[in-house]
Amino acid sequence: MAWLDEITFDERGLVPVIAQDASTRRVLMVAWANREALAETSASGQAVYWSRSRARLWRKGEESGHRQRVTEIRLDCDGDVVLYTVEAAGGISCHTGRESCFFRRLDGTDWRTVDPVLEDPELVYRK
């Protein structure tokens, strides 16, 4: 897969991946991927990342059911950031039960939560 050779991975073999909603273009989350995660994402059409905390592949939605169908994969001009354009199952991409991980906005000198919880994460991850 020659396309993977054009990506600049860090010293751990990882590259940041931005997940963006295919229709609204809202940034949903940022995660990491290695070569294997990117190859599986391309082959399956489902978002796959590398979990740094678990040190293993992480197939988005494997626990929560909030899968991401990847409609496009892009590479930035420097070759060191990947963009997944996705359709998020259930409209949720954040483990907090929100649409996006970017649910806090700077309000003066304080972070203010501006997006609602769409699904109680205690119910989602209790499995």
Side-chain angles (χ1 to χ4, degrees):
M1 289 182 246
W3 63 272
L4 288 167
D5 295 333
E6 295 185 43
I7 299 171
T8 303
F9 294 92
D10 71 10
E11 65 282 350
R12 299 164 298 173
L14 302 175
V15 63
V17 179
I18 299 165
Q20 179 184 46
D21 186 275
S23 60
T24 68
R25 300 295 188 209
R26 182 173 186 192
V27 173
L28 302 176
M29 57 180 274
V30 176
W32 295 89
N34 61 8
R35 290 176 70 91
E36 185 180 0
L38 292 168
E40 186 176 323
T41 297
S42 176
S44 71
Q46 297 295 314
V48 180
Y49 303 99
W50 177 259
S51 171
R52 294 176 300 164
S53 62
R54 292 175 266 186
R56 67 171 179 82
L57 287 182
W58 162 42
R59 292 159 185 87
K60 180 67 175 148
E62 64 190 8
E63 293 178 27
S64 66
H66 299 141
R67 289 177 170 64
Q68 294 174 338
R69 189 177 77 78
V70 178
T71 60
E72 187 174 56
I73 300 174
R74 290 187 179 223
L75 183 62
D76 81 325
C77 58
D78 295 323
D80 60 359
V81 178
V82 172
L83 174 72
Y84 289 171
T85 304
V86 304
E87 294 173 349
I92 296 173
S93 289
C94 185
H95 75 279
T96 65
R98 292 177 173 86
E99 174 189 15
S100 170
C101 293
F102 297 92
F103 58 87
R104 294 181 285 185
R105 181 177 61 214
L106 187 60
D107 187 7
T109 58
D110 297 311
W111 291 107
R112 186 169 155 234
T113 298
V114 295
D115 294 343
V117 172
L118 302 175
E119 187 172 21
D120 183 347
E122 293 292 323
L123 299 175
V124 174
Y125 295 101
R126 190 182 303 174
K127 303 173 187 174

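Since the model is a prediction, treat every value here as computed from it, not as a measurement.
Inter-residue side-chain proximity for Y49 and M29 is flagged as met; some heavy-atom pair is nearer than 4.5 Å. Within the 4.5 Å cutoff, the side chain of V30 has heavy atoms near those of the F102 side chain. Using a 4.5 Å heavy-atom cutoff, the side chains of F103 and V117 are not in contact. Contact annotation: the side chain of T85 approaches that of R25 to within less than 4.5 Å [non-hydrogen atoms, C-beta and beyond]. Side chains of W50 and L57 form a contact here, defined as non-hydrogen atoms less than 4.5 Å apart. Annotation: side chain of V82 is in contact with side chain of I73 (closest heavy-atom distance under 4.5 Å). For the pair D115 and E99, the minimum side-chain heavy-atom distance is 4.5 Å or more. You'll find the side chain of K60 stays beyond 4.5 Å of the side chain of V86, heavy atoms only.
For the atom pair E63 CD and H95 NE2, the distance stands at 11.5 Å (nearest 0.5 Å). Distance check, rounded to the nearest 0.5 Å: CG of L28 to CD1 of I92 gives 11.5 Å. Atom OG of residue S64 and atom CD of residue E119 lie 8.0 Å apart, to the nearest 0.5 angstrom. The line from OG1 of T8 to CG of L75 is 7.5 Å long, rounded to the nearest 0.5 Å. Separation of atoms CZ (R98) and CG (L118) is listed at 8.5 Å; rounding is to 0.5 Å. Residue I7 holds its CD1 atom at 10.0 Å from CG of D76, rounded to the nearest 0.5 Å.
Both Y84 and M1 are part of a single hydrophobic cluster, where members link through side-chain heavy atoms under 4.5 Å apart. Placement of L83 and V81 within a single hydrophobic cluster is found when ILVMFWY residues are connected by side-chain heavy-atom separations under 4.5 Å, directly or transitively. W32 and W58 are assigned to two separate hydrophobic clusters, defined by single-linkage of ILVMFWY side chains at heavy-atom distances under 4.5 Å. In terms of hydrophobic clustering, with Ile, Leu, Val, Met, Phe, Trp and Tyr side chains grouped at heavy-atom distances under 4.5 Å, V70 and V15 are assigned to a common cluster.
The environment of CZ in R105 is sparse: at most 12 heavy-atom neighbours from other residues, nucleotides or ligands sit within 6.0 Å.
In this structure a side-chain-to-backbone donor-acceptor pair under 3.5 Å is present from N34 to E36. Looking at D107, its side chain never comes within 3.5 Å of a backbone N or O of D110 through a donor-acceptor pair. Distance alone, capped at 3.5 Å, is enough to place a donor-acceptor pair between the T41 side chain and the V48 backbone.
Using modelled atom types and a 3.5 Å distance limit, the side chains of S93 and Q68 yield a donor-acceptor pair.
For D5 and R35, the salt-bridge test passes: some basic side-chain N is under 4.0 Å from an acidic carboxylate O.
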